[in-house]
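Quick notes on the structure that follows.
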There are 2 protein chains.
Amino acid sequence: MPSKPINSDNWRAALGKNGFRVTTAQQTLIDIFAHSEYPLSAEQAWDVARQSRPKTGRATVYRMVEKLENLGLIRRVHGYQGCSHFVPTLPEQMMLFICMECGRADYLDRQPLDDLIEQSEHISGRQITESRLQLFGACADCKQDA
Amino acid sequence: MPSKPINSDNWRAALGKNGFRVTTAQQTLIDIFAHSEYPLSAEQAWDVARQSRPKTGRATVYRMVEKLENLGLIRRVHGYQGCSHFVPTLPEQMMLFICMECGRADYLDRQPLDDLIEQSEHISGRQITESRLQLFGACADCKQDA
DNA sequence: CATCTTATTGATACCAAGTATCAATAAGAT
DNA sequence: ATCTTATTGATACTTGGTATCAATAAGATG
């Protein structure tokens with residue numbers, strides 16, 4: 001449930017710019033990932049895809065997931081219900097929150113975390129090239145309902 | 001490479017206290033996980049185990065990994081080289097750093113992160129029950145060598 | 001110490017997620 | 001309208017992990 005809805009035209013454009021052909025299989029999958037409120041696995045995306053495009057092959061989905069991840073359009077969610085669910089990447093640097101009640105993904109500003117990491121780099125002499133923070137719990141809505 | 005070496009006797013004791021029998025297969029695996037400087041997958045641990053105890057079965061390793069994880073003695077590393085490598089859990093709340101040059105695990109105080117999370121909880125109305133931060137990069141030694 | 005109970009083990013077969021292959025298809029350049 | 005070649009879908013395969021079940025061995029008991 002990204003606060004900014006994803007524009008799947010941009011995704012198509014991104015594929016085009018990178019020399020990929022824009023096929024119907026791709027369009028189907030792009031729309032699925034761009035508009036899902038929930039992290040989706042390749043297998044789940046495959047199921048959804050076949051509802052509107054039954055011939056869609058399994059390998060095609062995995063290939064497309066890889067492509068979208070490499071282009072930075074989707075991003076892997078580790079931990080909650082497996083390590084291979086994907087959510088749209090938002091333009092800004094953000095970190096993920098997954099509500100374990102309703103399953104929806106939400107995004108938080110990660111500037112404070114980046115500050116923290118930079119501090120830690122200075123103190124420790126390490127160089128940190130990748131950081132992965134994911135938060136799990138109950139979103140404001142679900143917390144209320146409980 | 002936990003700064004505090006793990007005492008595998010404690011792990012044996014923990015198993016005993018929880019009503020598990022202390023078998024030779026368990027001892028082998030405990031020693032492997034407790035003393036490895038690197039995150040180990042079940043498959044890797046199996047390979048190592050069979051060097052000193054060739055009859056060790058695959059399922060046994062997976063069962064033991066699950067047991068150790070449930071008891072909180074080892075902890076899963078998501079992301080670097082797969083999602084199913086394990087490192088010893090240290091007594092304190094710490095977060096993980098993995099050096100992508102030498103592969104060794106190191107631990108950082110996570111108090112600052114917890115403070116950050118608590119702040120975020122207050123502001124957003126969310127309840128955060130689990131947080132997973134892992135940092136990847138070059139440790140001080142490897143950074144020097146580069 | 002000998003016996004008994006039962007958790008644990010290892011072998012095997014299995015399952016599911018993901019990958020490699022390759023002939024058929026369809027973008028889209030010409 | 002044709003041609004080139006990226007992409008596709010079907011299939012077979014690999015790999016990480018699980019279920020089953022008879023055999024083994026902790027360790028409790030007498």
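Please read these numbers as outputs of a predicted model, since none were measured by experiment.
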Rounded to whole Å, please give me the gap between [atom1] in [X] and [atom2] in [N].
X: Q26(A); N: dG28(C); atom1: CD; atom2: C1'; result: 13 Å
X: L15(B); N: dG27(D); atom1: CG; atom2: C1'; result: 15 Å
X: H85(B); N: dT15(D); atom1: NE2; atom2: P; result: 15 Å
X: R53(B); N: dA11(C); atom1: CZ; atom2: C1'; result: 14 Å
X: F86(B); N: dG16(D); atom1: CZ; atom2: C1'; result: 12 Å
X: M64(B); N: dG10(C); atom1: CE; atom2: C1'; result: 14 Å
X: Q44(B); N: dT15(D); atom1: CD; atom2: C1'; result: 14 Å
X: W46(B); N: dG17(D); atom1: CH2; atom2: C1'; result: 11 Å

If you check the V22(B) side chain, which of dG9(D), dT9(C), dG27(D) turns out closest?
dG27(D)

K67(B), nearest nucleotide to its side chain (from dG9(D), dA19(D), dT8(C)):
dT8(C)

In terms of the nearest nucleotide of DNA chain C, which residue is placed more toward the 5' end: F20(B) or A59(B)?
F20(B)

Which heavy-atom pair separates A105(A) from V87(A) by the least distance, and what is that distance?
CB-CG1, 4.0 Å

Assess, by modelled atom type and distance only, whether the side chains of D31(B) and Q27(B) contain a donor and an acceptor separated by less than 3.5 Å.
no

Could you verify whether a donor N or O on one side chain and an acceptor N or O on the other, from D115(B) and Q111(B), lie under 3.5 Å apart?
yes

Result for 5'-nearest mapping on DNA chain D, choosing between C83(B) and A25(A), is A25(A)

Regarding T56(A), tell me which of base, sugar-phosphate or nothing describes its non-hydrogen contacts under 4.0 Å with the strands shown.
sugar-phosphate

Separation between CG of N10(B) and CG of L73(B), rounded to the nearest 0.5 Å
9.0 Å

Does Y107(B) reach the side chain of P88(B), with side-chain heavy atoms less than 4.5 Å apart?
yes

Measuring only between side-chain heavy atoms, which start at C-beta, is W11(B) closer than 4.5 Å to I74(B)?
yes

Report yes if a side-chain nitrogen or oxygen of [X] is closer than 4.0 Å to either non-bridging phosphate oxygen (OP1 or OP2) of [N]; otherwise report no.
X: R63(A); N: dA6(D); result: no
X: T23(A); N: dT8(D); result: yes
X: S84(A); N: dA17(C); result: no
X: Y62(B); N: dT18(D); result: no

Could you please name the partner base of dA17(C), counting Watson-Crick and G-U wobble pairs only when both distances are under 3.5 Å?
dT14(D)

For dA28(D), the nucleotide meeting Watson-Crick or G-U wobble distances (both under 3.5 Å) is dT3(C)

Please confirm whether any donor atom in the side chain of R58(A) sits under 3.5 Å from an acceptor in the base of dG9(D), or the reverse.
no

Check whether the side chain of R21(A) and the base of dT5(D) form a donor-acceptor pair under 3.5 Å.
yes

